[in-house]
Structures are given as C-alpha cells and as structure tokens.
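All residue numbers in this chain count up from 1 along the given sequence.
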Amino acid sequence: IYDESVGSYRLWATDAVDEGFYAFTSDCCDTIFASIIPAAAFAAGAEGSFYETDLDLSNAGGADAEYVFSWLPRGGDNSDPVQSETFTLGAGTSVRYAHVLAEVFDLEPDSVGALLIEATSGDPHAIARIANTPQEPDAGSFGQALIAISPGDCTGMDERRRLLFGTEDAEMRTNVGCLNASDTATRVGFELFSSDGTLLGSDSVILMPWSNDQLNRIVDGYNPVTGYVEYWSELPGGNIYCYGSVLDNATSDP
C-alpha cells in the first residue's frame, strides 16, 4: 500500500512462525514504474501505407520525474533492450516526441516494435499515435491512438480476452498484435470466430521475453468475414497484451 506520509510503498508480511513485520520499498531498492506503448512503427505497411509514431508524455504529479525509454524490436528477445538517455519531466508539464523512434533512437525504416517507459514515479502518463503519412500533397494523415499500458493490464495464463470488429473483405483488413511483458518466453493462442459464434480456426505465436509480434490479416483465410478473435497465454509465466487494428484498404486509416 502506498504510504503518502513517507512517499513510499509499504509491504506487510508474515514469516514461517507467523510473526508480522513490514518494510518500505526504500529499504531495498528504488521504485521504478513501468508502462508500455504496445506498438510503434517507422515502416511501410500494406496497400502503399507508411507509418510513423508520435508520443505524448505528461507528468500529472507535483514533483519532477525522471524516465528512460527502451526499444523493444518486433520478434526478438528483448531481455537486454537498447535504452535511451535519462530524461526529466517537470511537475505538471508535458512533452511531445514527434516521430519518436527517429528522435530518441535514431532508427530508420523499417523499424517496428514496442516502447517501454520506466519512470521514477507513477505520475507520467503516455499516449502514442501511429499515423499513416500523407501519400499525396495536402492530404491528411490517418492515425490510431495507443494508450500506454502497465504490466498489470496484461493477461496471464487461463484468462481469455476478446478483440472485437474483426473484418476481412475488399474494404477492410484486420491485424492483431501481441506483447509479452515478462522475462519468460510464452506462447499466445488465438481462436477466430465469425459473428454468429462459429469457430473458424486457431493460430498461435511464440513471444520471447519482452518481445512483440503482429499477425497481419489474421482472418484472411476466411475472407469475406466479420467476427472476433479470442486470445490467451498458453504457458505459465506469460504476461501478455494484445490489440486489434482494423484498417480501411483504400486509405489505410486504422
């Protein structure tokens, strides 16, 4: 439980002979608050699209906060990720990283993955926008907002979640991305359903520690179809988060 009087978390526990005690987080280590943008891209996509990622970070607290970014490339073992320099965000202020992958990590196309944010307090909150850049002069961009999640927002073993609005036809396509927010490799299971509840098929993907992947056009084998996708972690220790992205084939608006 967070103890505001000392600005630290307090843990109560009992030992083998049932003698109670407690400790503060400051007794053992610095408290680091982690959040994750589950997808970030500086890369070409289907139907002639090209995506860039902006990120907005806001400190809702009354004190400065330090933070670092870690780049989690798609498909790899990210146990030892590349980290940014340490930044400081003043109390009550916000900062926007336009084209965050190039600005912070000097990445070049084609870079896809996720972003881990580790801060010295729980007050900074982040949201990213993955936008298809204009393909014609004076044309607007199309973007999808992704709010930073915490590891506690993820799904463990034996818990199923459902992604809605699955669509694959001449007009729209559906991608599903997944993130493993743990130090243990896991396998994510998927079942694909039509709108009337008929099981269409299944799929799976193996995710290494802190890795991520995206299954593009996951229901393409049943085109045309509308329905939903259910997912879960098939192995102990998995801590996963998946998102669905339904895109317009004409504009690549997600």
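Defined by atom type and a distance below 3.5 Å, a donor-acceptor pair is present between the side-chain atoms of R129 and S141. Side-chain N/O atoms of Q214 and N216 include a donor and acceptor closer than 3.5 Å. Between the side chains of Y243 and Q144, no donor-acceptor pair is found at a separation under 3.5 Å. Side-chain atoms of W210 and D183 include a donor-acceptor pair closer than 3.5 Å.
Closest non-hydrogen pair, C242 versus V188, comes out as SG-CG1, 4.3 Å. When all heavy atoms are compared, the tightest approach of A126 to L57 is CB-CD1, 3.5 Å. The shortest heavy-atom contact between S233 and T186 is OG-OG1, 3.0 Å. Closest heavy-atom contact between C178 and F190: SG-CZ, 3.6 Å. Nearest heavy-atom pair, L207 versus L179, reported as atom, atom and distance to 0.1 Å: CD1-C, 3.9 Å. Closest approach of G90 and D64 over heavy atoms only: CA-OD1, 3.3 Å.
Here I149 contributes atom CD1 and I37 contributes atom CD1; the two are 9.0 Å apart, rounded to the nearest 0.5 Å. In this structure, the separation between CG on N180 and CG on L235 is 10.0 Å, given to the nearest 0.5 Å. We find the CD1-CD distance between I240 and E234 to be 9.0 Å, quoted to the nearest 0.5 Å. For the atom pair OG of S84 and CD of E103, the computed distance is 11.0 Å after rounding to the nearest 0.5 Å. Here the straight-line distance linking atom OG of S70 with atom CG of L116 works out to 4.5 Å at 0.5 Å rounding. To the nearest 0.5 angstrom, N223 atom CG is 11.5 Å from M172 atom CE.
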Using the side chain to side chain contact (heavy atoms under 4.5 Å, CB included) rule, take L215 and V205 through it: C-alpha gap first, then chi angles, then the decisive distance, then the call. CA-CA 9 Å; L215 285 74; V205 62; 4.2 Å; yes

Verdict with reasoning, Y231 to R160, per side chain to side chain contact (heavy atoms under 4.5 Å, CB included): CA-CA 6 Å; Y231 73 89; R160 295 170 70 104; over 6 Å; no

List the steps, then state whether side chain to side chain contact (heavy atoms under 4.5 Å, CB included) holds for F105 with V82. CA-CA 9 Å; F105 293 100; V82 174; 4.3 Å; yes

For side chain to side chain contact (heavy atoms under 4.5 Å, CB included), just list the numbers for E168 and R217, CA-CA rounded to whole Å, side-chain angles, deciding distance to a tenth of an Å, and then say yes or no. CA-CA 7 Å; E168 187 72 39; R217 292 185 147 158; 3.3 Å; yes

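Using the six-membered ring where Trp is involved, F87 and Y97 have ring planes that are perpendicular, over 60° apart on the 30 and 60° scheme.
At least one donor-acceptor pair under 3.5 Å links the side chain of T133 to the backbone N or O of F50. Remark: side-chain polar atoms of D123 are not paired, donor with acceptor, to backbone N or O of A60 under 3.5 angstrom. Side-chain N or O atoms of D203 include none that pairs as donor or acceptor with a backbone N or O of I218 at under 3.5 Å. T174 places no side-chain N or O within 3.5 Å of a backbone atom of V246 that could act as its donor or acceptor partner. Side-chain atoms of T155 do not come within 3.5 Å of backbone N or O of W232 as any donor-acceptor pair. Between the T167 side chain and the F165 main chain, a donor and an acceptor come within less than 3.5 Å of each other. Under the 3.5 Å distance criterion, the side-chain polar atoms of D213 are left unmatched by any main-chain donor or acceptor of G177. Under a 3.5 Å cut-off, the side chain of N59 and the backbone N or O of L89 do form a donor-acceptor pair. In terms of modelled atom types and a separation under 3.5 Å, the side chain of D54 and the main chain of H99 share a donor-acceptor contact.
Residues I117 and I36 fail the side-chain proximity criterion, which asks for heavy atoms closer than 4.5 Å. For the pair N175 and L247, the minimum side-chain heavy-atom distance is below 4.5 Å. The shortest side-chain heavy-atom distance between L115 and L72 does not fall under the 4.5 Å cut-off. By the 4.5 Å heavy-atom criterion applied to side chains, F42 and D110 are not counted as neighbours. The closest side-chain heavy-atom distance from V225 to D169 is not below 4.5 Å. Residues L192 and Y222 have side chains in contact (heavy-atom distance under 4.5 Å, counting atoms from C-beta outward). The side-chain heavy atoms of S252 and Y51, taken from C-beta on, include a pair separated by under 4.5 Å. With a 4.5 Å cut-off on side-chain heavy atoms, Y67 and V95 count as touching.
Applying the 6.0 Å contact sphere to CD1 of I127 captures more than 12 heavy atoms from other residues, nucleotides or ligands. Environment of CZ in R161: crowded, with over 12 heavy atoms of neighbouring residues, nucleotides or ligands closer than 6.0 Å. Within a 6.0 Å radius of CD in Q83, other residues, nucleotides and ligands contribute more than 12 heavy atoms. Annotation for D80: atom CG does not count as buried by contact number, only 12 or fewer foreign heavy atoms lying within 6.0 Å.
F142 and L146 are not part of a single hydrophobic cluster, where members link through side-chain heavy atoms under 4.5 Å apart. Hydrophobic clustering keeps I147 apart from L164 (ILVMFWY residues linked when any side-chain heavy atoms are closer than 4.5 Å, directly or through intermediates).
By the 6.0 Å and 45° rule, R162 stacks over the aromatic ring of Y228.
Under the side-chain contact (heavy atoms from CB on, under 4.5 Å) test applied with W71, the options L107, V104, N78 reduce to a single match, L107.
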